[in-house]
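Below, chain A is the first sequence line, B the second, and so on; all start at residue 1.
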Amino acid sequence: MIEIVVNGRRRDVDPGLTLESLLAALELPPGRVAVERNRRVVPHGSFATEPVEPGDCFEVVTLVGGG
Amino acid sequence: MKSEKLTIAGRSLGSRLIVGTGKYPSFEIMRQAHEASGSEAVTVAVRRVNLSDRSKESLLDYIDPKRFMLLPNTAGCYTADDAVRTARLGREAGLSSFVKLEVIGDEKTLFPDNEGLLEATRILVKEGFVVMPYTNDDVVMAKKLRDAGAAAVMPLGAPIGSGLGIRNLVNLTLILEAITDIPVIVDAGVGTASDAAVAMEMGCDGVLMNTAIAGARDPVRMARAMRLAVEAGRLAFEAGRIPRKLYATASSPLEGTPFIP
(Lines give C-alpha, C1' and ligand atoms only; values in the text may rest on other atoms or scores of the structure.)
Protein backbone atom coordinates (compact mmCIF):
# COMPACT_ATOMS: atom_id res chain seq x y z
CA MET A 1 0.00 0.00 0.00
CA ILE A 2 1.04 3.60 -0.50
CA GLU A 3 -0.03 6.62 1.48
CA ILE A 4 -1.69 9.58 -0.21
CA VAL A 5 -3.83 12.49 0.96
CA VAL A 6 -7.34 12.97 -0.42
CA ASN A 7 -9.25 16.08 0.61
CA GLY A 8 -7.00 16.65 3.58
CA ARG A 9 -7.18 13.08 4.90
CA ARG A 10 -4.47 10.44 4.75
CA ARG A 11 -5.47 7.27 3.00
CA ASP A 12 -3.73 4.02 2.06
CA VAL A 13 -4.30 2.83 -1.49
CA ASP A 14 -2.93 0.12 -3.76
CA PRO A 15 0.24 1.01 -5.63
CA GLY A 16 0.08 1.50 -9.38
CA LEU A 17 -3.28 3.26 -9.52
CA THR A 18 -4.15 5.95 -12.03
CA LEU A 19 -6.36 8.85 -11.12
CA GLU A 20 -9.18 7.13 -13.00
CA SER A 21 -8.84 3.93 -10.97
CA LEU A 22 -8.48 5.93 -7.75
CA LEU A 23 -11.79 7.68 -8.43
CA ALA A 24 -13.38 4.31 -9.23
CA ALA A 25 -12.07 2.92 -5.92
CA LEU A 26 -13.59 5.93 -4.16
CA GLU A 27 -16.86 5.31 -6.05
CA LEU A 28 -16.83 8.78 -7.54
CA PRO A 29 -18.27 9.44 -11.02
CA PRO A 30 -15.39 11.10 -12.91
CA GLY A 31 -17.69 13.34 -14.97
CA ARG A 32 -18.99 15.16 -11.91
CA VAL A 33 -15.72 15.99 -10.19
CA ALA A 34 -12.64 18.10 -10.77
CA VAL A 35 -9.30 17.05 -9.36
CA GLU A 36 -6.18 18.86 -8.29
CA ARG A 37 -3.06 16.74 -7.84
CA ASN A 38 -0.26 18.43 -5.91
CA ARG A 39 -1.79 21.88 -6.56
CA ARG A 40 -2.18 21.33 -10.31
CA VAL A 41 -5.58 20.73 -11.92
CA VAL A 42 -5.73 17.45 -13.86
CA PRO A 43 -7.84 17.79 -17.03
CA HIS A 44 -10.59 15.19 -17.37
CA GLY A 45 -8.91 13.85 -20.50
CA SER A 46 -5.82 12.88 -18.49
CA PHE A 47 -7.52 10.96 -15.66
CA ALA A 48 -6.69 7.59 -17.28
CA THR A 49 -2.98 8.32 -17.51
CA GLU A 50 -2.39 10.48 -14.43
CA PRO A 51 -0.38 8.36 -11.95
CA VAL A 52 -1.06 8.11 -8.22
CA GLU A 53 2.25 8.16 -6.37
CA PRO A 54 3.26 7.98 -2.71
CA GLY A 55 2.78 11.28 -0.90
CA ASP A 56 0.46 12.70 -3.55
CA CYS A 57 -2.03 15.27 -2.36
CA PHE A 58 -5.40 15.30 -4.09
CA GLU A 59 -8.29 17.70 -3.88
CA VAL A 60 -11.44 16.18 -5.35
CA VAL A 61 -14.24 18.71 -5.70
CA THR A 62 -17.66 19.05 -7.21
CA LEU A 63 -20.14 21.84 -7.79
CA VAL A 64 -22.62 22.52 -4.99
CA GLY A 65 -25.20 25.17 -4.24
CA GLY A 66 -23.81 28.65 -3.65
CA GLY A 67 -24.32 32.32 -4.30
CA MET B 1 -27.04 53.74 -23.85
CA LYS B 2 -25.73 50.27 -23.17
CA SER B 3 -26.89 47.31 -25.25
CA GLU B 4 -30.37 45.89 -24.82
CA LYS B 5 -29.12 42.63 -23.36
CA LEU B 6 -26.72 41.99 -20.55
CA THR B 7 -23.55 40.98 -22.36
CA ILE B 8 -20.49 39.74 -20.50
CA ALA B 9 -17.33 39.12 -22.49
CA GLY B 10 -19.42 38.68 -25.64
CA ARG B 11 -21.90 36.30 -24.03
CA SER B 12 -25.44 37.72 -24.13
CA LEU B 13 -27.96 36.70 -21.52
CA GLY B 14 -31.72 36.89 -21.94
CA SER B 15 -32.17 38.21 -18.40
CA ARG B 16 -30.38 40.79 -16.30
CA LEU B 17 -30.99 38.71 -13.20
CA ILE B 18 -28.35 36.21 -12.08
CA VAL B 19 -29.37 33.84 -9.30
CA GLY B 20 -27.66 31.55 -6.85
CA THR B 21 -28.13 27.87 -6.07
CA GLY B 22 -27.48 27.85 -2.32
CA LYS B 23 -29.72 27.60 0.71
CA TYR B 24 -32.94 26.49 -0.99
CA PRO B 25 -35.30 24.24 0.99
CA SER B 26 -34.85 21.59 -1.72
CA PHE B 27 -33.34 21.14 -5.16
CA GLU B 28 -36.84 20.90 -6.63
CA ILE B 29 -37.87 24.26 -5.18
CA MET B 30 -34.61 25.70 -6.47
CA ARG B 31 -35.40 24.39 -9.95
CA GLN B 32 -38.84 25.97 -9.88
CA ALA B 33 -37.44 29.26 -8.56
CA HIS B 34 -34.83 29.33 -11.32
CA GLU B 35 -37.59 28.80 -13.83
CA ALA B 36 -39.70 31.60 -12.34
CA SER B 37 -36.74 33.99 -12.18
CA GLY B 38 -36.27 33.99 -15.95
CA SER B 39 -32.54 34.00 -15.30
CA GLU B 40 -30.10 32.36 -17.68
CA ALA B 41 -27.06 32.28 -15.40
CA VAL B 42 -26.63 30.63 -11.99
CA THR B 43 -23.78 30.75 -9.52
CA VAL B 44 -22.41 27.55 -8.02
CA ALA B 45 -19.80 26.83 -5.37
CA VAL B 46 -16.79 24.50 -5.54
CA ARG B 47 -16.50 22.12 -2.60
CA ARG B 48 -14.76 18.90 -1.65
CA VAL B 49 -16.78 15.79 -2.49
CA ASN B 50 -18.14 13.93 0.49
CA LEU B 51 -16.14 10.71 0.55
CA SER B 52 -18.12 9.10 3.36
CA ASP B 53 -21.60 9.76 1.98
CA ARG B 54 -21.98 9.61 -1.79
CA SER B 55 -25.71 9.01 -1.69
CA LYS B 56 -26.64 12.69 -1.84
CA GLU B 57 -28.34 13.99 -4.93
CA SER B 58 -26.31 16.21 -7.20
CA LEU B 59 -27.18 19.85 -7.69
CA LEU B 60 -26.38 19.42 -11.35
CA ASP B 61 -29.35 17.10 -11.84
CA TYR B 62 -31.54 20.15 -11.25
CA ILE B 63 -29.84 22.62 -13.58
CA ASP B 64 -30.39 22.34 -17.32
CA PRO B 65 -27.02 23.19 -18.87
CA LYS B 66 -28.71 24.23 -22.11
CA ARG B 67 -30.79 26.82 -20.32
CA PHE B 68 -28.37 28.11 -17.66
CA MET B 69 -24.80 29.30 -17.84
CA LEU B 70 -22.87 28.03 -14.82
CA LEU B 71 -20.94 30.65 -12.95
CA PRO B 72 -18.62 28.94 -10.45
CA ASN B 73 -17.67 31.13 -7.50
CA THR B 74 -14.68 31.22 -5.20
CA ALA B 75 -16.75 31.77 -2.06
CA GLY B 76 -14.95 30.96 1.16
CA CYS B 77 -11.50 31.88 -0.19
CA TYR B 78 -9.49 34.24 1.97
CA THR B 79 -6.33 34.46 -0.15
CA ALA B 80 -5.68 35.14 -3.83
CA ASP B 81 -3.93 31.76 -4.07
CA ASP B 82 -6.94 29.84 -2.76
CA ALA B 83 -9.26 31.79 -5.06
CA VAL B 84 -7.10 31.10 -8.11
CA ARG B 85 -6.93 27.37 -7.35
CA THR B 86 -10.68 27.24 -6.72
CA ALA B 87 -11.37 29.06 -9.98
CA ARG B 88 -9.23 26.56 -11.88
CA LEU B 89 -11.11 23.65 -10.29
CA GLY B 90 -14.41 25.36 -11.01
CA ARG B 91 -13.49 25.74 -14.66
CA GLU B 92 -12.68 22.04 -14.90
CA ALA B 93 -15.86 21.01 -13.05
CA GLY B 94 -18.24 23.43 -14.71
CA LEU B 95 -16.66 23.57 -18.14
CA SER B 96 -16.99 27.33 -18.09
CA SER B 97 -14.30 30.00 -18.10
CA PHE B 98 -16.59 32.39 -16.27
CA VAL B 99 -15.80 32.88 -12.61
CA LYS B 100 -17.50 34.90 -9.92
CA LEU B 101 -14.37 35.88 -8.08
CA GLU B 102 -14.53 36.32 -4.33
CA VAL B 103 -11.57 36.92 -2.07
CA ILE B 104 -12.97 37.51 1.37
CA GLY B 105 -11.20 39.66 3.93
CA ASP B 106 -13.36 39.37 7.01
CA GLU B 107 -15.54 36.58 8.40
CA LYS B 108 -18.13 38.74 10.04
CA THR B 109 -18.90 41.07 7.15
CA LEU B 110 -17.69 38.88 4.28
CA PHE B 111 -16.36 42.09 2.75
CA PRO B 112 -13.81 41.60 -0.02
CA ASP B 113 -10.06 41.75 0.47
CA ASN B 114 -9.17 44.36 -2.13
CA GLU B 115 -5.49 43.47 -2.49
CA GLY B 116 -6.18 39.75 -2.85
CA LEU B 117 -9.05 40.39 -5.23
CA LEU B 118 -6.94 42.50 -7.55
CA GLU B 119 -4.06 40.04 -7.48
CA ALA B 120 -6.34 37.08 -8.25
CA THR B 121 -8.07 39.04 -11.02
CA ARG B 122 -4.76 39.71 -12.75
CA ILE B 123 -3.67 36.06 -12.55
CA LEU B 124 -6.99 34.65 -13.78
CA VAL B 125 -7.33 37.16 -16.63
CA LYS B 126 -3.89 36.09 -17.80
CA GLU B 127 -5.08 32.47 -17.74
CA GLY B 128 -8.03 33.29 -19.99
CA PHE B 129 -10.80 33.41 -17.40
CA VAL B 130 -13.80 35.70 -17.73
CA VAL B 131 -13.43 37.30 -14.33
CA MET B 132 -16.44 38.82 -12.55
CA PRO B 133 -15.16 40.12 -9.22
CA TYR B 134 -17.38 40.68 -6.20
CA THR B 135 -16.11 43.99 -4.90
CA ASN B 136 -16.77 46.81 -2.47
CA ASP B 137 -18.90 49.71 -3.64
CA ASP B 138 -15.69 51.63 -4.21
CA VAL B 139 -15.14 53.42 -7.52
CA VAL B 140 -11.34 53.35 -7.21
CA MET B 141 -11.37 49.58 -6.76
CA ALA B 142 -13.86 49.19 -9.59
CA LYS B 143 -11.56 51.07 -11.94
CA LYS B 144 -8.55 49.02 -10.86
CA LEU B 145 -10.45 45.78 -11.50
CA ARG B 146 -11.63 47.04 -14.89
CA ASP B 147 -8.07 48.02 -15.81
CA ALA B 148 -6.85 44.58 -14.67
CA GLY B 149 -9.12 43.01 -17.28
CA ALA B 150 -12.26 42.12 -15.33
CA ALA B 151 -15.21 41.35 -17.62
CA ALA B 152 -17.66 42.99 -15.21
CA VAL B 153 -17.54 44.58 -11.79
CA MET B 154 -19.93 43.39 -9.13
CA PRO B 155 -20.17 45.84 -6.24
CA LEU B 156 -22.06 44.83 -3.14
CA GLY B 157 -25.21 46.67 -2.20
CA ALA B 158 -24.84 45.50 1.41
CA PRO B 159 -23.17 42.51 3.12
CA ILE B 160 -23.82 39.08 1.61
CA GLY B 161 -27.08 37.60 2.83
CA SER B 162 -27.96 40.71 4.85
CA GLY B 163 -30.98 41.79 2.82
CA LEU B 164 -30.22 45.41 3.67
CA GLY B 165 -30.65 46.64 0.10
CA ILE B 166 -28.49 49.26 -1.62
CA ARG B 167 -26.95 51.02 1.36
CA ASN B 168 -24.85 53.60 -0.44
CA LEU B 169 -26.60 55.03 -3.47
CA VAL B 170 -23.90 57.66 -3.93
CA ASN B 171 -21.06 55.14 -4.13
CA LEU B 172 -22.99 53.02 -6.61
CA THR B 173 -23.75 56.11 -8.71
CA LEU B 174 -20.06 56.98 -8.80
CA ILE B 175 -19.23 53.47 -10.01
CA LEU B 176 -21.94 53.64 -12.68
CA GLU B 177 -20.54 56.95 -13.90
CA ALA B 178 -16.98 55.69 -14.06
CA ILE B 179 -17.50 52.18 -15.42
CA THR B 180 -19.25 52.38 -18.76
CA ASP B 181 -17.32 49.87 -20.87
CA ILE B 182 -18.10 46.69 -18.89
CA PRO B 183 -21.24 45.66 -17.02
CA VAL B 184 -21.84 46.78 -13.44
CA ILE B 185 -23.80 44.11 -11.60
CA VAL B 186 -24.99 44.58 -8.03
CA ASP B 187 -23.96 41.45 -6.16
CA ALA B 188 -25.13 40.92 -2.59
CA GLY B 189 -27.39 42.79 -0.26
CA VAL B 190 -30.71 42.66 -2.10
CA GLY B 191 -33.52 41.77 0.29
CA THR B 192 -36.71 42.25 -1.66
CA ALA B 193 -38.01 43.27 -5.06
CA SER B 194 -37.77 47.02 -4.57
CA ASP B 195 -34.04 46.70 -3.81
CA ALA B 196 -33.50 45.05 -7.17
CA ALA B 197 -35.66 47.66 -8.88
CA VAL B 198 -33.64 50.48 -7.29
CA ALA B 199 -30.39 49.01 -8.58
CA MET B 200 -31.79 48.67 -12.08
CA GLU B 201 -33.39 52.14 -12.09
CA MET B 202 -30.00 53.59 -11.26
CA GLY B 203 -28.62 52.03 -14.42
CA CYS B 204 -26.95 48.87 -13.18
CA ASP B 205 -26.57 46.29 -15.93
CA GLY B 206 -27.73 43.43 -13.75
CA VAL B 207 -28.36 42.10 -10.28
CA LEU B 208 -27.05 38.92 -8.70
CA MET B 209 -28.79 37.43 -5.70
CA ASN B 210 -29.15 34.20 -3.79
CA THR B 211 -30.48 34.53 -0.25
CA ALA B 212 -33.24 37.01 -1.14
CA ILE B 213 -34.89 34.29 -3.22
CA ALA B 214 -33.72 31.09 -1.52
CA GLY B 215 -34.48 32.40 1.96
CA ALA B 216 -37.90 33.85 1.18
CA ARG B 217 -40.93 32.10 2.66
CA ASP B 218 -41.97 31.22 -0.90
CA PRO B 219 -38.82 31.18 -3.03
CA VAL B 220 -40.65 30.53 -6.31
CA ARG B 221 -42.95 33.52 -5.81
CA MET B 222 -40.03 35.72 -4.78
CA ALA B 223 -38.09 34.62 -7.86
CA ARG B 224 -40.93 35.86 -10.03
CA ALA B 225 -41.07 39.11 -8.05
CA MET B 226 -37.36 39.62 -8.67
CA ARG B 227 -37.78 38.92 -12.36
CA LEU B 228 -40.48 41.56 -12.62
CA ALA B 229 -38.54 44.03 -10.45
CA VAL B 230 -35.41 43.72 -12.56
CA GLU B 231 -37.42 44.15 -15.75
CA ALA B 232 -39.41 47.07 -14.34
CA GLY B 233 -36.29 48.79 -13.02
CA ARG B 234 -34.51 48.42 -16.31
CA LEU B 235 -37.48 49.75 -18.26
CA ALA B 236 -37.73 52.74 -15.94
CA PHE B 237 -34.03 53.44 -16.40
CA GLU B 238 -34.33 53.28 -20.17
CA ALA B 239 -37.51 55.37 -20.13
CA GLY B 240 -35.85 58.12 -18.10
CA ARG B 241 -37.46 59.21 -14.87
CA ILE B 242 -38.77 62.74 -14.26
CA PRO B 243 -36.64 65.09 -12.19
CA ARG B 244 -37.41 65.29 -8.49
CA LYS B 245 -39.09 68.56 -7.46
CA LEU B 246 -39.84 69.87 -4.01
CA TYR B 247 -43.31 71.28 -4.76
CA ALA B 248 -46.37 70.02 -6.54
CA THR B 249 -47.00 70.43 -10.23
CA ALA B 250 -50.63 69.89 -11.19
CA SER B 251 -51.30 67.00 -13.53
CA SER B 252 -54.70 68.31 -14.61
CA PRO B 253 -55.12 71.57 -16.56
CA LEU B 254 -55.84 74.65 -14.46
CA GLU B 255 -57.77 76.27 -17.30
CA GLY B 256 -61.51 75.58 -17.22
CA THR B 257 -61.65 74.52 -13.60
CA PRO B 258 -65.38 74.77 -12.64
CA PHE B 259 -66.92 77.04 -9.94
CA ILE B 260 -64.15 79.64 -10.19
CA PRO B 261 -65.93 83.00 -10.35
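Salt bridge annotation for B:Glu127-B:Arg88: present, with a cationic side-chain nitrogen under 4.0 angstrom from a carboxylate oxygen. Contact check on A:Glu3 versus A:Arg11 returns no salt bridge, with no Lys/Arg side-chain nitrogen under 4.0 Å from an Asp/Glu carboxylate oxygen. For the pair A:Arg32 and B:Asp61, the salt-bridge criterion is met [side-chain N within less than 4.0 Å of a carboxylate O]. With respect to B:Glu35 and B:Arg227, no salt bridge is recorded, no charged nitrogen being found less than 4.0 Å from a carboxylate O.
For the pair B:Val19 and B:Met226, the minimum side-chain heavy-atom distance is 4.5 Å or more.
In terms of heavy-atom pairs under 4.5 angstrom with chain A, the leader among B:Leu59, B:Thr43, B:Val49 is B:Val49. In terms of heavy-atom pairs under 4.5 angstrom with chain A, the leader among B:Gly161, B:Ser58, B:Ala75, B:Ala188 is B:Ser58. For chain A, the option among B:Asn50, B:Thr211, B:Ile18, B:Leu51 with the highest count of heavy-atom pairs below 4.5 Å is B:Leu51. Per-residue heavy-atom pair counts under 4.5 Å with chain B were compared for A:Leu63, A:Val42, A:Val6, and the maximum is reached by A:Leu63.
Using a 4.5 Å cut-off between heavy atoms, B:Leu89 contacts chain A through both its backbone and its side chain. Neither the backbone nor the side chain of B:Ile63 comes within contact range of chain A, judged by heavy atoms closer than 4.5 Å. Contact of A:Val41 with chain B is made through the side chain alone, with heavy-atom distances under 4.5 Å.
In summary, the side chains of A:Ser46 and A:Thr49 do not present any donor paired with an acceptor at a separation below 3.5 Å, with no hydrogens or angles considered.
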